[in-house]
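Everything below concerns the one structure shown next.
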Number of protein chains: 2
Amino acid sequence: MTTLTPDAVRPATHAKLRILATADRLFYTEGVHTVGVDRIISESKVTKATFYKYYRSKDALIVVYLQGRDRMARDFLASLDTNCDTPEQRLRGVVNEISAQVIRGGFHGCPFINAAAQFTDPAHPVRQAVSAHRDWYGRSIEDMFRGMGHARPGDAADDFFLARDGAFAGANLGDPIGAHTALLRAIQRVLDESGA
Amino acid sequence: MTTLTPDAVRPATHAKLRILATADRLFYTEGVHTVGVDRIISESKVTKATFYKYYRSKDALIVVYLQGRDRMARDFLASLDTNCDTPEQRLRGVVNEISAQVIRGGFHGCPFINAAAQFTDPAHPVRQAVSAHRDWYGRSIEDMFRGMGHARPGDAADDFFLARDGAFAGANLGDPIGAHTALLRAIQRVLDESGA
DNA sequence: CACACCGTAGACAGACCAGTCTGGTGTAAT
DNA sequence: ATTACACCAGACTGGTCTGTCTACGGTGTG
């Protein structure tokens with residue numbers, strides 16, 4: 001009577017997703033270090049046993065949280081691939097999304113940068129999740145510039161990343177409008193050079 | 001026999017400075033939230049009583065740490081004022097310092113951005129110290145662009161700040177060399193426009 | 001029905017944290 | 001010698017944190 005236990009066949013459990021949704025919200029708005037598991041558990045309306053059944057530790061949940069954010073970004077870029085005809089349109093789509101994010105209410109900076117600020121050891125799984133995301137992101141942007149025929153797509157991607165990170169930090173800590181407009185100017189300068 | 005207790009006349013205590021020096025090192029390299037007071041106390045070779053004599057709480061010490069970093073930045077800009085003849089030279093002096101910082105060993109990003117990532121409440125004294133620093137910094141850069149005769153010094157300062165914050169984040173989390181060169185390109189573009 | 005699995009409910013341990021308190025030592029000026 | 005002060009030494013409190021534990025209830029399937 002060895003059970004098959006087809007986990008995938010069973011309906012998706014709500015508790016696991018509820019925990020992750022709560023963690024995503026609290027981790028992003030208040031910081032992964034500040035928010036404790038007790039708070040996530042109570043706001044998720046689950047119990048500790050359930051929590052630790054799905055996430056073996058808080059650090060593991062933080063990694064899953066970042067992986068979820070990474071997944072969202074990848075899905076967004078994939079949607080641009082199907083909705084846009086040219087690499088330049090895709091690039092502008094990314095910029096539009098970033099510039100919209102930084103002036104949106106409830107913006108609290110880049111979740112990866114914020115998480116990394118609280119884990120200084122580069123070998124820690126959290127930092128590795130951050131590095132994996134940033135590596136993928138940089139490569140994707142570089143590919144777009146290369147697709148546009150940019151002479152130095154690697155440099156252009158670095159320029160793009162610099163502006164993005166700066167806008168996220170500036171909008172979070174200082175003036176969102178100023179960071180927003182400065183981001184658009186910086187990107188425009190990079191795009192202007194790609195045509196030259 | 002009411003004592004005069006002329007605190008200022010007494011030789012400066014070493015313990016207080018030792019505590020701050022230790023806190024500066026640990027807070028910057030490992031994060032203000034990760035490092036506990038016990039660690040600062042033991043590495044400073046002082047006792048808890050001495051620690052709490054000079055710093056009423058850990059949060060107060062964090063604020064003093066940031067104020068010290070702010071003071072260093074102000075002293076540096078003041079030194080540029082005396083050593084440089086033109087606003088453009090001063091601006092280039094700032095850029096040189098930033099670009100040197102990001103590729104220097106032991107660089108861990110902007111201490112203010114890192115500290116702010118762990119205090120999300122804008123009303124918290126730590127966040128206010130961060131805001132005070134950034135406001136002063138932005139105004140100083142804007143003054144330099146204005147002194148150069150830039151048509152829109154406020155925008156140029158935003159552009160500068162964007163590049164600076166981006167370089168700090170990128171160098172800390174990813175590729176210091178890439179962030180370094182991207183920073184120099186971004187600043188050069190802004191300076192090119194100031195002449196136009 | 002019996003079983004497997006979902007989830008609830010909350011006590012509990014062990015570690016770590018910030019911050020307070022008592023008492024003692026060395027030194028320099030009065 | 002007495003007073004004042006900087007500092008040492010470390011126990012202690014009260015709180016919070018992560019993570020483990022036991023015990024029970026509901027539900028759909030074979």
Side-chain angles (χ1 to χ4, degrees), chain A residues 1-23 26-27 30-66 115 118-121 124-126, chain B residues 1-23 26-27 30-66 115 118-121 124-126:
Chain A
M1 188 72 87
T2 59
T3 68
L4 293 178
T5 60
D7 289 336
V9 168
R10 287 255 171 202
T13 59
H14 295 171
K16 185 174 184 178
L17 296 176
R18 230 166 41 230
I19 293 167
L20 183 56
T22 304
L26 294 179
F27 281 163
E30 304 187 28
V32 294
H33 206 163
T34 303
V35 175
V37 291
D38 286 347
R39 177 112 178 274
I40 295 170
I41 285 165
S42 80
E43 294 202 20
S44 299
K45 310 284 187 194
V46 299
T47 60
K48 278 207 162 185
T50 305
F51 176 91
Y52 280 100
K53 175 191 177 99
Y54 292 117
Y55 304 97
R56 73 188 59 171
S57 70
K58 182 188 175 183
D59 279 11
L61 176 61
I62 294 172
V63 171
V64 174
Y65 150 66
L66 291 177
Q118 316 188 30
F119 291 88
T120 50
D121 177 11
H124 193 283
V126 168
Chain B
M1 192 67 90
T2 60
T3 69
L4 291 178
T5 60
D7 288 336
V9 169
R10 287 257 170 200
T13 59
H14 295 172
K16 184 174 183 177
L17 295 175
R18 237 174 26 237
I19 293 167
L20 182 55
T22 305
L26 295 180
F27 281 163
E30 303 186 31
V32 293
H33 207 160
T34 303
V35 175
V37 291
D38 286 349
R39 178 113 176 273
I40 295 171
I41 285 164
S42 80
E43 295 203 21
S44 300
K45 310 286 189 192
V46 298
T47 60
K48 279 207 161 185
T50 304
F51 176 90
Y52 280 100
K53 176 193 178 101
Y54 292 116
Y55 304 98
R56 75 188 59 172
S57 70
K58 181 187 177 183
D59 279 10
L61 177 60
I62 295 173
V63 171
V64 174
Y65 150 66
L66 291 177
Q118 315 187 31
F119 291 87
T120 51
D121 176 12
H124 193 283
V126 168

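This structure is a prediction, so every number in the text was calculated from the model and none was measured. All chains are named by letter (A, B, ...) in the order of the sequence lines, taking the proteins before the strands, and each is independently numbered beginning at 1.
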Taking the inter-plane angle between the rings of His124(B) and Phe119(B) on a 0 to 90° scale, is it parallel (under 30°), tilted (30 to 60°) or perpendicular (over 60°)? tilted

How close or far is atom [atom2] of [N] from atom [atom1] of [X], stated in whole angstroms?
X	N	atom1	atom2	result
His14(A)	dC6(C)	NE2	C1'	12 Å
Asp38(B)	dG10(D)	CG	P	13 Å
Ile19(B)	dC8(D)	CD1	P	8 Å
Arg18(B)	dC8(D)	CZ	C1'	11 Å
Lys58(A)	dT20(D)	NZ	P	15 Å
Ile41(A)	dA11(C)	CD1	C1'	14 Å
Tyr52(A)	dT22(D)	OH	C1'	17 Å
Leu61(B)	dG19(C)	CG	P	10 Å

Would you indicate whether the side-chain heavy atoms of [Y] and [X] approach each other to under 4.5 Å?
X	Y	result
Thr50(A)	Thr47(A)	yes
Ile40(B)	Phe27(B)	yes
Phe51(A)	Leu61(A)	yes

Report yes if at least one side-chain N or O of [X] is closer than 4.0 Å to OP1 or OP2 of [N]; otherwise report no.
X	N	result
Lys48(A)	dG10(C)	no
Arg56(A)	dT20(D)	no
Thr50(A)	dT8(C)	yes
Tyr54(B)	dA6(D)	no

What nucleotide among dG10(C), dT18(D), dA18(C) has an atom nearest to a side-chain atom of Val37(A)? dT18(D)

Let me know, please, whether Phe51(A) or Lys53(B) comes out on the 5' side of the other along DNA chain D by nearest nucleotide. Lys53(B)

Do you know the tightest heavy-atom contact between Arg39(B) and Leu26(B)? NH2-CD2, 3.6 Å

